[in-house]
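Down below is the structure, laid out as structure tokens.
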Amino acid sequence: YKIIEINWPNGGSLDEDNFSNAKLDEKGHSAFSSAKGYKYEVQIIGQSEGCFDNVAMVKQCLGKTKNGNRCKHMTDNTNQHCWQHQNQ
């Protein structure tokens with residue numbers, strides 16, 4: 001088996017145009033890199049129905065940059081601040 005598409009809770013997705021060689025082993029595990037060089041590790045743990053139930057949805061960080069602009073990072077942290085703006 002292989003992964004042909006990944007759907008993220010924020011509505012984004014990746015498909016085979018963005019990664020290659022995402023084969024699942026007999027335990028439902030895969031490790032691969034995207035075309036941009038991001039590394040992913042996926043573990044299938046259950047059925048796809050309802051997989052986003054009780055999952056925090058990703059939102060834009062509420063933090064401000066040094067220039068005073070709103071941060072463009074996305075986060076699922078409950079305080080809605082990315083790793084870089086946790087102290088704001």
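Residue indices begin at 1 and follow the sequence shown.
Ile6 contributes atom CD1, which lies 8.0 Å from atom OG of Ser30 (distance to the nearest 0.5 angstrom). Separation of atoms NZ (Lys72) and OG1 (Thr65) is listed at 9.0 Å; rounding is to 0.5 Å. Separation of atoms CG (Asp17) and CD1 (Ile4) is listed at 12.0 Å; rounding is to 0.5 Å.
Contacts of Glu16 classified as salt bridge (charged side-chain N to carboxylate O under 4.0 Å, His left out), with partners at least two apart in sequence or in another chain: Lys2. Residues satisfying the side chain to side chain donor-acceptor pair (under 3.5 Å) test with Glu26, not counting sequence neighbours, are none. By the side chain to side chain donor-acceptor pair (under 3.5 Å) test, Asn77 pairs with Thr75, sequence neighbours left out. By the side-chain contact (heavy atoms from CB on, under 4.5 Å) test, Ser20 pairs with no residue at all, sequence neighbours left out. In terms of the salt bridge (charged side-chain N to carboxylate O under 4.0 Å, His left out) criterion, Lys23 has no residue partners (sequence neighbours excluded). Remark: Phe32 engages Phe19, Tyr40 in a ring pair (Phe, Tyr, Trp, His ring centres under 6.0 Å) (not counting sequence neighbours).
The environment of Gln47 atom CD is sparse: at most 12 non-hydrogen atoms of other residues, nucleotides or ligands sit within 6.0 angstrom.
Considering all non-hydrogen atoms of both residues, Gln88 and Lys64 come closest at OE1-N, 2.7 Å. Of all heavy-atom pairs between His85 and Cys61, the closest is ND1-SG, 3.7 Å. Scanning all heavy atoms of the two residues, the minimum distance from Cys82 to Cys71 falls at SG-SG, 3.9 Å. Across Gln84 and His73, no two heavy atoms sit closer than the pair OE1-CE1, 3.0 Å.
A donor-acceptor pair is defined here as one N or O able to donate and one able to accept, closer than 3.5 Å; such a pair exists between the side chain of Gln43 and the backbone of Lys27.
Inter-residue side-chain proximity for Arg70 and Leu62 is flagged as met; some heavy-atom pair is nearer than 4.5 Å. The shortest distance between side-chain heavy atoms of Gln60 and Gln80 does not fall below 4.5 Å.
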